[in-house]
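Just so we're on the same page: letters track the sequence lines, and every chain starts at 1.
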Amino acid sequence: MEGTEAVTNGDGDGDGGDRPWQSYHTVYTTGKAGMEGVDKEKVQRVVYEMSKGSKYFENEERKEAFINQKIDNLRIQYAKLTQADLAHYHKVADRRIVELEASRDLSRIWLHVDMDAFYAAVETLSNPTLQGKPMAVGSMSMISTANYEARKFGVRAAMPGFIARKLCPELIFVPIDFKKYTHYSDLTRKVFRMYDPNFIAGSLDEAYLDITEVCKERNAKSEEIAQELRAGVYEETGLTCSAGVAPNRLLAKVCSDINKPNGQYVLPNDRMAVMTFVSSLPIRKIGGIGKVTEHILKEVFGINTCEQMLEKSSYLYALFSQSTAEFFCSVGLGLGQTGSPQVRFRKSISNERTFSATEDEVLLHKKLVELAEMLATDMQKEGLCGRTLTLKLKTASFEVRTRAVTLQQYISSSVDILKHAKKLLKAELPISVRLIGLRVSHFNGDRCSDPTQKTITNFITTGDANRNCSYFPDVADHDSVSDAETSLSIDSRQTTIQLDWRDPFVGNYLSDVDYQSCVFQKNGVEEVKTSSNDVTSSHQSGFTEAPGSTSFQGQFEGINVNNESKLLEDERNSCSQETTMLWLNDYKCSLCGIELPPSFVPERLEHSDFHLAEKLQKEESRIHLPSVPSRSRSQKDGIARQSKSKRQKLSQKEGKYTPIDYFFAKKES
DNA sequence: GCGGATCAC
DNA sequence: TATGGTGATCCGC
């Protein structure tokens, strides 16, 4: 392959020999709990055989070559260091190590809890026949968690299912079900709260607890508290967990892994104990040191254990940034965070989807529309507005690209997201991609919407932000729709039919932005998933627990409102959530059940317009809009008329699909 | 501010 | 047949 000629780095892995699989560095054989008796050589061989020749594999090879290049460069720099250089960095490093040592805090006792094979354990709980059988939660593409029976075969998280099945033909696959895991996670957190009300949730299945106070109050050893907590978790959930106790979070995490599953390990708050512990600890066990960092530190500096970080500290300061070198040294000293962190807010929100690679622009556009809508919905749920939009693409050859814009104003609506996402994507065309993602960051310090605070616009148009018109039966709040709906803020842009659907990226036609689905409003109704395998993995990370996050006051001042239509749109964003007419399983209309395959793009477009027209007609016949400014009222009437005529066309065809040539002929506009 | 990369779960 | 999704951070421009 061009540019990837073997970069011999002398790590003894010899590429071309009779064991080619040894040079394929996967993450699957690094010692994880439950993998002790595994024949790593065999796993490595199977993974290699299954991957060899694939696009994914080729990309991994490119990445590996790139890292080896980097290693070679570092080695050259290393060799070039003069005595004077080294003397200098020796001083720098030593001084810093003394400072770090002085900052050591042995006053706190931290406990890290980690549920054992969490998803798999939950699934076994709800289906006991899985007990004792090798099982994995996930799909043929990706495994999230494997139970311990499966791990004996080398099956593990992040491994694609089809490889896992090769390793273990008996393997049972269970689809992922976040709702279930969230439920059990909540149960565990109830227990955690009793030991530290301010515990830090790392994810659904792990948490950090500062048990200093509990130990003091109850005059108990940390070991006893850990034991009791684990018993409590088991009692509450029927699930086992492991715990690690140490003077800081970094070490506590390492410790929880030591006697996994269903075990615990206590590292006492004693400097010597910590130093001894760290002296033989492989660096890969440290959170933040992954496959690549481990590789570099080993190949360039000969570092394998945390202790060696200190021995090589001068070189680390010479070749890495100060903050990186400092992190490495603190690891060598066994230091870690001991304070309870301040409340942290999320810094970005994103979504991405993988699909079979395509360069079909209509299809790509459709994906973009779906992502923009999902993202806008998520943002509105949290009242977020951001001004940086990032498009992520993964090409058919697994190369990842990101393209970003930072805007003058904050955005949150799907229309705005889509508008800018389209520009970013268009600049990359033509391209064959297998993944598209969107991310919004650079948030407005304030929440964009706060139902309790009336902005000018939602006051004018709705009178009451909590009473949105609802198309779907509102199961959550019966009071809200008892009388005539008070808002009918369907943006004209959302109803526009895109005429030249074969090139969705050429720009905007009748209006600002073309749009493929009609968007209705609802309030308090659980969203409908767009497809069966759609995992809205509402990652329960630390900040979701953050106290005070709900008390954040929304302010309108920060949002740049420049014209009337923007005003309308802000109103729509700030007072309600959106619901789209969805294609269930990407196939079936969520409103009438009619089936239309994804490839029928124009037909679908027409179909969603049909439903919009239907809705508008219904509402027109029974709603009188109070206190709506005349401008927006007339706009809405205009749309209604337009959509109604469309609906008549459709009804002439008795609601059947329109023949495809109709869409070609329709170009007259 | 952007884009690539790494990392964790 | 087939290698995920979300969020954070760091580095070098």
Side-chain angles (χ1 to χ4, degrees), chain A residues 24 26-28 32 47 50-52 54-60 62-63 66-67 70 114-115 117-119 137-145 156-166 173 176 178 181 185 201-207 250 253 284 286-296 320-327 344-357 371 374-375 378 387-394 396-407 424 434-442 533-544:
Chain A
Y24 183 40
T26 65
V27 79
Y28 307 128
K32 277 282 179 184
V47 172
M50 297 294 288
S51 303
K52 191 177 50 176
S54 68
K55 295 270 200 276
Y56 174 84
F57 181 86
E58 285 172 6
N59 189 250
E60 288 300 298
R62 279 192 293 271
K63 277 162 49 183
F66 186 79
I67 292 166
K70 193 170 165 184
D114 199 334
M115 302 302 295
F118 185 53
Y119 298 172
V137 175
S139 68
M140 263 332 160
S141 301
M142 189 53 59
I143 284 174
S144 286
T145 311
R156 51 159 294 171
M159 180 181 273
F162 67 93
I163 293 179
R165 193 176 53 180
K166 193 81 171 181
F173 286 86
I176 202 155
F178 273 102
Y181 316 141
S185 181
S203 62
L204 284 182
D205 77 326
E206 60 179 85
L250 181 129
K253 168 111 173 111
R284 186 67 164 83
I286 301 295
I289 298 184
K291 185 183 89 165
V292 174
T293 310
E294 176 192 35
H295 196 200
I296 290 173
F320 292 110
S321 73
Q322 201 195 323
S323 65
T324 302
E326 189 159 311
F327 169 67
R344 301 193 56 173
F345 294 101
R346 69 150 80 229
K347 295 191 167 67
S348 72
I349 185 165
S350 67
N351 60 3
E352 62 187 58
R353 286 295 175 272
T354 295
F355 41 86
S356 50
L371 287 168
M374 280 194 293
L375 189 55
D378 291 348
R387 50 189 282 261
T388 298
L389 178 71
T390 306
L391 171 75
K392 176 177 171 182
L393 301 174
K394 195 189 280 178
S397 54
F398 285 84
E399 178 204 347
V400 175
R401 287 187 208 170
T402 60
R403 296 291 179 263
V405 272
T406 298
L407 309 165
L424 293 172
R434 69 192 320 281
L435 172 147
I436 303 184
L438 290 175
R439 167 162 63 252
V440 175
S441 51
H442 238 114
N533 62 350
D534 184 343
V535 181
T536 30
S537 73
S538 49
H539 268 268
Q540 304 286 49
S541 34
F543 37 70
T544 57

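Per the geometry, CZ belonging to A:F327 stands 9 Å off P belonging to B:dA8, to the nearest Å. The distance from atom CD1 of A:I143 to atom C1' of C:dG5 is 16 Å, rounded to the nearest whole Å. If you measure from atom NZ of A:K394 to atom P of B:dG3, you get 18 Å, rounded to the nearest angstrom. Computed from coordinates, the A:F173 CZ to C:dG4 C1' distance equals 14 Å when rounded to whole Å. Straight-line distance from the CE atom of A:M142 to the C1' atom of C:dG4: 5 Å, rounded to whole Å. Rounded to whole Å, the distance from NZ on A:K63 to P on B:dT6 is 7 Å. A straight line from CE of A:M115 to P of B:dA8 spans 21 Å, rounded to a whole angstrom. Per the geometry, CZ belonging to A:F57 stands 16 Å off P belonging to C:dA2, to the nearest Å.
The side chain of A:E352 approaches C:dG5 more closely than any other nucleotide in the set C:dG5, B:dT6, C:dT9. For A:V292, the listed nucleotide lying nearest its side chain is B:dT6; candidates were C:dG4, C:dT9, B:dT6. For A:K347, the side-chain atoms get nearest to C:dT9 when compared with the rest of C:dT9, C:dG7, B:dC9. Side-chain atoms of A:R284 lie closest to B:dA8 of the nucleotides B:dA8, C:dG4, B:dT6. Closest to the side chain of A:F162, from the set C:dC10, C:dA2, C:dA8, is C:dA2. Checking C:dA2, C:dT6, B:dC2 against every side-chain atom of A:S350, the shortest atom distance belongs to C:dT6. In the set C:dA2, C:dC11, B:dG3, B:dG3 carries the atom at the smallest distance from any side-chain atom of A:A404. In this structure, the nucleotide among B:dA5, C:dA2, B:dC9 sitting nearest to the side chain of A:F66 is B:dA5. Comparing B:dG1, B:dC9, C:dA8 against the side chain of A:R346 picks out C:dA8 as the nearest. Closest approach to the A:T354 side chain among C:dT9, B:dG1, C:dG5 is made by C:dG5 (side chain taken as heavy atoms from C-beta onward).
A sub-4.0 Å separation between OP1 or OP2 of C:dT6 and a side-chain N or O of A:R353 is present. Taking side-chain N and O atoms only, A:S348 has no distance below 4.0 Å to OP1 or OP2 of C:dT6. For the pair A:T324 and C:dC11, the criterion of a side-chain N or O lying under 4.0 Å from OP1 or OP2 is met. Residue A:R344 has a polar side-chain atom (N or O) positioned under 4.0 Å from OP1 or OP2 of C:dT9. A:R403 has a side-chain polar atom (N or O) that falls below the 4.0 Å cut-off from OP1 or OP2 of B:dG4. Residue A:S323 places at least one side-chain N or O closer than 4.0 Å to OP1 or OP2 of C:dC11.
No engagement by A:L393 is indicated, since no non-hydrogen atom pair under 4.0 Å with the nucleic acid exists. Looking at heavy-atom distances under 4.0 Å, A:R439 makes no contact with the nucleic acid at all. Among the heavy atoms of the strands, none lies under 4.0 Å from A:Y181. As judged by a 4.0 angstrom heavy-atom cut-off over every strand, A:S321 is placed among residues touching the sugar-phosphate backbone only. Looking at heavy-atom distances under 4.0 Å, A:K291 makes contact with sugar-phosphate atoms alone, never a base. Note on A:E60: nothing from the nucleic acid sits closer than 4.0 angstrom, heavy atoms only. Within 4.0 Å of A:L438, counting heavy atoms only, lies no atom of the nucleic acid at all.
With the nearest nucleotide of DNA chain B identified for both A:R387 and A:T402, A:R387 has the one nearer the 5' end. Closest-nucleotide positions on DNA chain B for A:T293 and A:E399 were compared, and the one nearer the 5' end corresponds to A:E399. If you find the closest nucleotide of DNA chain C to A:Q322 and to A:K392, the one lying nearer the 5' end belongs to A:K392.
The shortest heavy-atom contact between A:K291 and A:T26 is CD-O, 4.2 Å. Shown here for A:F173 and A:G138, the closest heavy-atom pair between the two residues is CD2-O, 4.2 Å.
Between A:K63 and A:E60 there is a salt bridge, since at least one side-chain N of the basic residue sits less than 4.0 Å from a carboxylate O of the acidic one.
Remark: A:R403 engages A:E428 in a salt bridge (Lys or Arg N to Asp or Glu O under 4.0 Å) (not counting sequence neighbours). Checked against side chain to side chain contact (heavy atoms under 4.5 Å, CB included), A:F66 has no partners two or more places apart in sequence or in another chain.
No donor-acceptor contact under 3.5 angstrom links the side chains of A:S51 and A:S54, judged on distance only.
Ring orientation note: the planes of A:F398 and A:Y56 are nearly perpendicular, at an angle over 60° on the 30°/60° scale.
With hydrogens and angles ignored, the 3.5 Å screen pairs a side-chain donor or acceptor of A:N351 with a backbone N or O of A:L371.
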